[in-house]
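Working notes, beginning with the structure itself.
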Amino acid sequence: MKVMSVFGTRPEAIKMCPLVKKLEAEPDIESIVCLTGQHREMLQQVIDIFETPVKYNLDIMKTRQTLTTITVSILEEIESVLSAEKPDLVLVHGDTSTSFATALAAFYHQIPVGHVEAGLRTYDKYSPFPEEMNRSLTGRIAELHFAPTENNRKNLAAEGITGNVFVTGNTVIDAFQTTVKKDYVFKDESIRSLDFRGLRCILMTAHRRENLGGPLESICRAVRRIVEEFEDVLVVYPVHMNPAVRDTAERILGGMERVRLVHPLDVEDMHNLMARSCLVMTDSGGIQEEAPACGVPVLVLRTETERPEAVEAGTVKVVGVCEEAIYENAKLLLTDTEAYRRMAHAVNPYGDGHACERIVRHILEWKKDGTD
Ligand code: UD1
Ligand code: UDP
């Protein structure tokens with residue numbers, strides 16, 4: 001059975017590379033990886049760490065690319081790969097333009113699609129944008145749905161998608177378990193040289209399309225106030241390579257003594273820094289799944305989340321994108337030990353680190369049922 005995994009951005013790679021490893025270990029599967037190259041440097045960082053063998057790279061990234069150019073380039077470029085390889089199954093991940101465009105291309109070739117990280121929903125088509133629609137549309141096309149949680153399965157059922165839906169856990173936990181080490185030495189010089197003694201480290205990231213402009217400015221201003229008010233707080237912000245993100249971050253936070261604006265960290269550095277932080281502030285999806293697993297409270301810099309499980313467990317709080325609300329919520333956790341303690345307990349609603357094995361097993365069973 002030929003299985004072609006297609007991905008193109010950093011988070012997809014972090015969550016797909018452990019799965020590719022398991023697919024390769026399975027004698028009944030021929031595993032092929034095709035990168036769209038929606039991201040370039042940030043994708044390569046992950047491929048290098050997991051030593052993932054790549055057969056095709058469509059290399060479509062352009063500086064300040066638009067949703068249209070990403071989608072059109074993938075549709076055009078992947079055509080010859082699908083025609084040449086004729087895979088039995090195409091695997092896509094999550095909610096990016098890579099996921100949707102690849103699923104659509106596979107559909108045009110009548111190749112079944114397996115959707116990894118299926119069933120996440122906010123039910124607001126413009127938030128996150130365009131991810132909510134990307135994952136809904138990918139779900140319509142997919143034949144196999146690998147839902148991380150029972151809640152995700154219910155979302156699909158409510159849309160009438162009930163066949164071949166499997167609750168597997170999230171593959172990010174599989175990845176996470178291999179990257180975090182006790183005596184880890186950071187590869188990034190700017191992190192390795194940090195003196196954490198006597199400082200409380202806040203790890204922040206922000207990059208979402210709907211936060212670009214005004215909301216990102218408010219986020220950065222809130223962080224600035226926190227650092228100015230709390231002399232023992234150090235903020236590390238690995239800044240996404242999007243120039244629209246970099247410009248704002250540097251304008252508002254650049255030059256502050258206890259704010260480190262660093263290049264995107266590789267995933268090992270990132271996960272180990274997360275495990276050593278006292279607080280995470282982020283608009284990322286994946287980080288909302290990772291930080292709870294190591295007992296670090298998360299303030300979500302968005303107005304909604306498609307990942308309610310950790311919110312229900314009490315370790316994640318959605319605080320929105322207004323300066324005052326972000327500042328007040330961070331201040332509370334920095335001053336009220338009881339409020340902090342309530343949020344800082346390790347929970348793992350997103351899996352047990354065996355999601356990839358389950359996905360491979362379901363793929364093989366599906367194939368067997370189809371050929372019996
Ligand atoms: C994409 C995904 C988003 C995901 C995010 C993860 C879509 C529509 N968005 O958004 O769901 O949360 O990835 O990070 O699929 N750039 C580089 N080098 C890189 C990567 C990006 O220079 O390695 C710059 C380029 O100028 C690029 C810009 O960042 O045009 C934006 O990249 P893009 O993939 O369009 O959007 P993201 O915000 O990264
Ligand atoms: N990440 C990383 N280096 C960074 C920032 C994030 O390795 O500098 C990892 C992070 O730990 C998580 C994933 O990238 O596994 C999240 O990606 P991102 O925030 O870009 O996308 P999202 O999850 O929001 O789609």
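When a ligand or atom number is given, it counts from 1 through the structure's own listing order.
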Which residue and non-hydrogen atom of the protein lie closest to [atom], and at what distance in Å?
| atom | value |
| --- | --- |
| atom 25 (O) of ligand 2 | Pro11 CG, 3.5 Å |
| atom 24 (O) of ligand 2 | Gly285 N, 2.8 Å |
| atom 3 (N) of ligand 2 | Leu265 O, 2.7 Å |
| atom 20 (O) of ligand 2 | Arg10 NH2, 2.8 Å |
| atom 1 (N) of ligand 2 | Met270 CG, 3.5 Å |

Which ligand 1 atoms does [X] reach within 4.0 Å, using its non-hydrogen atoms?
| X | value |
| --- | --- |
| Gln65 | 27 (C), 30 (O), 32 (O), 33 (P), 34 (O), 35 (O) |
| Pro243 | 26 (O) |
| Leu67 | 8 (C) |
| Pro11 | 6 (C), 14 (O) |
| Pro130 | 8 (C) |
| Arg40 | 19 (C), 23 (O) |
| Arg209 | 8 (C), 35 (O), 36 (O) |
| Thr63 | 26 (O), 30 (O) |

Of the choices Ser284, Ala206, Pro238, Pro264, which has the non-hydrogen atom that lies closest to atom 16 (C) of ligand 2?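 The residue whose heavy atom sits nearest atom 16 (C) of ligand 2 is Ser284.
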
For atom 16 (N) of ligand 1, state which one of His39, Glu12, Met61, Met42 supplies the nearest heavy atom.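 Nearest option to atom 16 (N) of ligand 1, by heavy atoms: Met61.
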
Would you mind telling me if ligand 2 is within reach of the side chain of [X], the backbone, both or neither, using heavy atoms under 4.0 Å?
| X | result |
| --- | --- |
| Glu131 | neither |
| Ile14 | side chain |
| Glu290 | side chain |
| His207 | side chain |

Can you name the salt bridge (Lys or Arg N to Asp or Glu O under 4.0 Å) partners of Glu228, sequence neighbours left out?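 If we apply the salt bridge (Lys or Arg N to Asp or Glu O under 4.0 Å) test to Glu228, skipping adjacent residues, the hits are Arg224.
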
Taking the six-membered ring for Trp, are [X] and [Y] parallel (under 30°), tilted (30 to 60°) or perpendicular (over 60°)?
| X | Y | value |
| --- | --- | --- |
| His207 | His240 | parallel |
| Phe166 | His362 | parallel |
| Tyr126 | Phe129 | tilted |

So is there a nitrogen or oxygen of Arg208 less than 3.5 Å from a nitrogen or oxygen in ligand 2?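 By distance alone, the answer is yes.
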
Please say whether Thr205 places an N or O atom under 3.5 Å from an N or O atom belonging to ligand 2.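 For ligand 2, there is no N or O atom that lies under 3.5 Å from one belonging to Thr205.
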
With respect to Arg64, determine whether any N or O atom, backbone or side chain, lies less than 3.5 Å from an N or O atom of ligand 1.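 Min N/O separation from ligand 1 is below 3.5 Å for Arg64.
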
Compute the shortest N/O to N/O distance between Asn134 and ligand 1 and return yes if it is under 3.5 Å, no if not.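 Not met; the criterion fails.
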
Tell me, please: is His240 in heavy-atom contact with ligand 1, that is, under 4.0 Å?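 Yes.
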
pair Phe107-Arg140: side-chain heavy atoms closer than 4.5 Å: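 No - every pair of side-chain heavy atoms lies 4.5 Å or more apart.
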
Please classify the Glu41 to ligand 1 contact at 4.0 Å (heavy-atom distances, strictly less than): side chain, backbone, both or neither.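 The answer is both.
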
Using a 4.0 Å heavy-atom threshold (strictly under), name the region of Ser97 that reaches ligand 1: side chain, backbone, both or neither.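 Both of them.
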
